Amino acid sequence: MTVRTRFCPSPTGMVHVGLMRTALFNWAHARHTGGTFVFRIEDTDAARDSEESYRHLLDCLRWLGLDWDEGPEVGGPHGPYRQSERREIYADVAAKLVASGHAYESFSTNDEVAARRMAAGQDPKLGYDNADRHLTDAQKAAFRAEGREPVLRLAMPDEDLVWTDLVRGEVRFAAGSVPDFVLVRGNGAPLYPFVNPVDDALMEITDVLRGEDLLPSTPRQLALYAALTDIGVAKGTPRFGHLPYVTGEGNKKLSKRDPQSNLDIYRERGFLPEGFANYLALLGWSIAEDRDIFSTAEMVEAFDVTRVSANPARFDLKKAEAINATHLRALPVEEFVERVVPFLAGAGLISEPPTPEQDRVLRVIAPLAQERMIVLSEAVGLLAFLFVEDVEIDPAAAEKQLAGPEAVEVLDAAAAALRDLPEFTTPAIEEALKTALVEGLGRKPRQAFGPVRVAIGGRTVSPPLYESIELLGRERTLHRLTAARDVAAG
RNA sequence: GCCCCCAUCGUCUAGCGGUCCAGGACGCCGCCCUUUCAAGGCGGUAGCACGGGUUCGAACCCCGUUGGGGGCACCA
């Protein structure tokens with residue numbers, strides 16, 4: 001039987017990195033096995049769901065490079081793929097469950113349940129006591145007469161609930177440890193623990209990979225599946241695999257509150273989709289003993305759910321950055337330029353698309369910039385000096401490099417050396433500056449080039465100096481040298 | 001309180017009974033290269049939570065302890 005996995009988020013608020021990891025694993029599992037990846041939107045909570053969040057979810061999935069075979073905007077044989085459009089289905093299945101005796105009407109209020117447990121000397125936290133399982137028609141009529149609206153509960157079987165988890169092996173819950181749970185609210189609204197398995201069954205999902213937080217609800221789903229299979233709605237029970245948490249500082253599950261959990265910040269900083277996917281994959285999975293850099297295609301090739309680790313993984317920004325930097329450096333120059341343009345344009349440094357001159361400059365500087373960046377947004381600070389008329393000199397850099405007569409002397413000598421240079425090329429510039437500053441003034445390279453760098457780039461960190469000067473051109477270079485000289489002279 | 005999950009360097013992990021006085025990566029610390037910052041090269045630091053078994057032999061299997069995490073809604 002071919003594998004069918006699914007990703008079924010609810011469109012509420014921001015997109016969580018842990019959620020994306022779950023999507024990635026489901027997708028990779030489907031792709032590795034030649035199966036189908038289904039995308040379904042669980043928008044049954046009108047109060048929290050939003051259209052904007054829905055769109056954003058699709059956008060994030062596509063950004064990461066995860067395509068779906070069935071789902072919103074692509075359709076498929078099991079649609080619709082938004083739960084808000086599937087209401088009648090749930091009502092129909094619920095009715096069948098009641099008719100077949102798997103589900104029943106329950107009138108007890110929480111207070112009544114708690115009171116009964118207390119009276120029996122039990123902990124009220126034990127939950128529902130299955131008291132309404134065998135209500136007579138007369139009793140039900142009496143409750144209705146009081147104006148009560150029953151919820152629908154599933155009658156749990158009296159046997160251990162066991163499954164072989166794809167990542168954890170055998171997991172067992174003792175018979176009687178899970179109370180009959182609510183499928184449909186008193187007002188007729190179907191609940192998540194009901195609609196989720198119903199949709200999975202109808203969409204013929206074979207492998208459910210989801211967060212560890214849902215592990216305790218699996219026994220209920222097993223029971224539901226058995227009932228659904230009995231009434232012909234499901235063809236059987238899927239395999240389950242519970243993925244470990246992605247945690248933040250202090251081993252706590254990365255919360256929605258934690259800014260670190262928002263995928264947007266990584267996109268905005270300029271993580272590459274393949275770099276971020278690579279890091280996400282490392283959260284619970286490894287491709288080989290001595291390797292951790294790989295493409296998404298290589299992940300698909302090697303992915304095996306069975307080898308996913310069961311222990312929680314801490315999200316480590318430093319490592320994520322290191323992985324991304326490696327991918328960034330491996331990018332062909334053309335592609336690097338293409339990806340960096342939106343960031344430079346967004347900062348107002350270049351136009352989009354770049355002018356021919358901007359493009360020329362970018363192509364020259366790209367390989368030099370590429371190897372000293374970890375995320376694309378850094379290009380803005382690193383390359384701004386090439387695309388403006390006058391640089392703004394960073395005060396800290398000025399204080400460090402543009403203070404006193406020594407700096408004035410260096411800047412004057414540099415200007416003099418470059419003013420009448422016959423060929424304004426990188427080797428000629430290097431030669432001229434070394435001659436003038438190192439030999440001429442007897443300065444150590446460090447002292448000689450520090451002030452020049454700040455004059456040119458406005459900061460102490462920049463791409464290689466001579467290349468930068470050539471790209472800048474004689475006029476702007478001399479102008480900046482003079483401007484910096486004035487700063488140094490006080 | 002009840003139920004469940006997890007346990008190898010600071011972090012992510014490899015290890016699926018002998019080839020492990022435990023391998024890789026990030027981080028950190030040195031050194032080299034060097035016009036800055038990086039990158040790159042070389043080297044270093046650091047770990048099988050504890051206690052019992054099983055076995056000729058355990059990081060690997062079993063039990064317990066401890067520690068960490070999660071779930072117990074007419075939310076998803």
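All of these numbers come straight from a predicted model, not from anything done at the bench. By convention in this document, chain letters (A, B, ...) are assigned in the order of the sequence lines, proteins followed by strands, and residues within each chain are numbered from 1.
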Original post:
What is the distance, rounded to the nearest whole Å, between atom CG of A/L183 and atom C1' of B/rA76?
Top reply: 15 Å
Subject >> A/R269/A/E321 salt bridge by N-O under 4.0 Å criterion >> reply: yes
**OP:** Please check if atom CD in A/E301 has more than 12 non-hydrogen atoms from other residues, nucleotides or ligands closer than 6.0 Å.
**Re:** no
Subject >> For atom CG of A/L154 and atom C1' of B/rC74, their distance in whole Å >> reply: 15 Å
Original post:
How long is the line joining NE2 of A/H242 and C1' of B/rC5, in whole Å?
Top reply: 10 Å
Subject >> Salt bridge present between A/D129 and A/R117 (N-O < 4.0 angstrom) >> reply: no
**OP:** Give the rounded distance in Å between these two atoms: CG of A/L126 and P of B/rC2.
**Re:** 10 Å
Original post:
How would you label the contact of A/G284 with the nucleic acid (heavy atoms, under 4.0 Å): base, sugar-phosphate, or nothing?
Top reply: sugar-phosphate
Subject >> Nucleic acid contacts - residues 378-388 of chain A versus RNA chain B, non-hydrogen atoms under 4.0 Å >> reply: none
Subject >> With A/E105, the salt bridge (Lys or Arg N to Asp or Glu O under 4.0 Å) member among A/R148, A/R133, A/R144 >> reply: A/R144
Original post:
How would you label the contact of A/V182 with the nucleic acid (heavy atoms, under 4.0 Å): base, sugar-phosphate, or nothing?
Top reply: sugar-phosphate
Original post:
Within the pair A/R220 and B/rC72, is there a side-chain N or O less than 4.0 Å away from OP1 or OP2?
Top reply: no
Original post:
If only side-chain N and O atoms of A/T44 are considered, is one of them under 4.0 Å from the OP1 or OP2 phosphate oxygen of B/rA76?
Top reply: yes
Subject >> side-chain hydrogen bond (donor to acceptor under 3.5 Å, both in side chains) contacts in which one or both residues fall within residues 187-198 of chain A, not counting sequence neighbours >> reply: A/R6-A/N196, A/E42-A/N196
**OP:** With heavy atoms under 4.0 Å as the rule, sort A/T247 into base, sugar-phosphate or nothing.
**Re:** nothing
Original post:
With ring centroids as reference points, do A/Y128 and A/F181 lie under 6.0 angstrom apart?
Top reply: no
**OP:** Would you indicate, yes or no, if B/rU34 has its OP1 or OP2 atom less than 4.0 angstrom from a side-chain nitrogen or oxygen of A/R446?
**Re:** no
Original post:
Hey, are A/K444 and A/E406 close enough for a salt bridge, meaning a charged N less than 4.0 Å from a carboxylate O?
Top reply: no
**OP:** Figure out the CG/P separation between A/L215 and B/rC4, and round it to whole Å.
**Re:** 11 Å
Original post:
Contact class for A/R168 (heavy atom, under 4.0 Å): base, sugar-phosphate, or nothing?
Top reply: sugar-phosphate
Original post:
Rounded to the nearest Å, what distance is computed from the CZ atom of residue A/R314 to the C1' atom of nucleotide B/rG69?
Top reply: 13 Å
**OP:** Side chain of A/A313 only, please: which of B/rC6, B/rC12, B/rC75 is the nearest?
**Re:** B/rC12
**OP:** Identify which nucleotide among B/rC74, B/rG15, B/rU36 has an atom closest to any side-chain atom of A/R372, counting heavy atoms from C-beta outward.
**Re:** B/rU36
**OP:** Select base, sugar-phosphate, or nothing to describe what A/F449 touches, counting heavy atoms under 4.0 Å on all strands.
**Re:** sugar-phosphate
Original post:
Once you round it to whole Å, what is the distance between C1' of B/rU13 and CZ of A/F294?
Top reply: 12 Å
Original post:
Under 4.0 angstrom, heavy atoms only, what part of the nucleic acid is A/F315 near: base, sugar-phosphate, or nothing?
Top reply: nothing
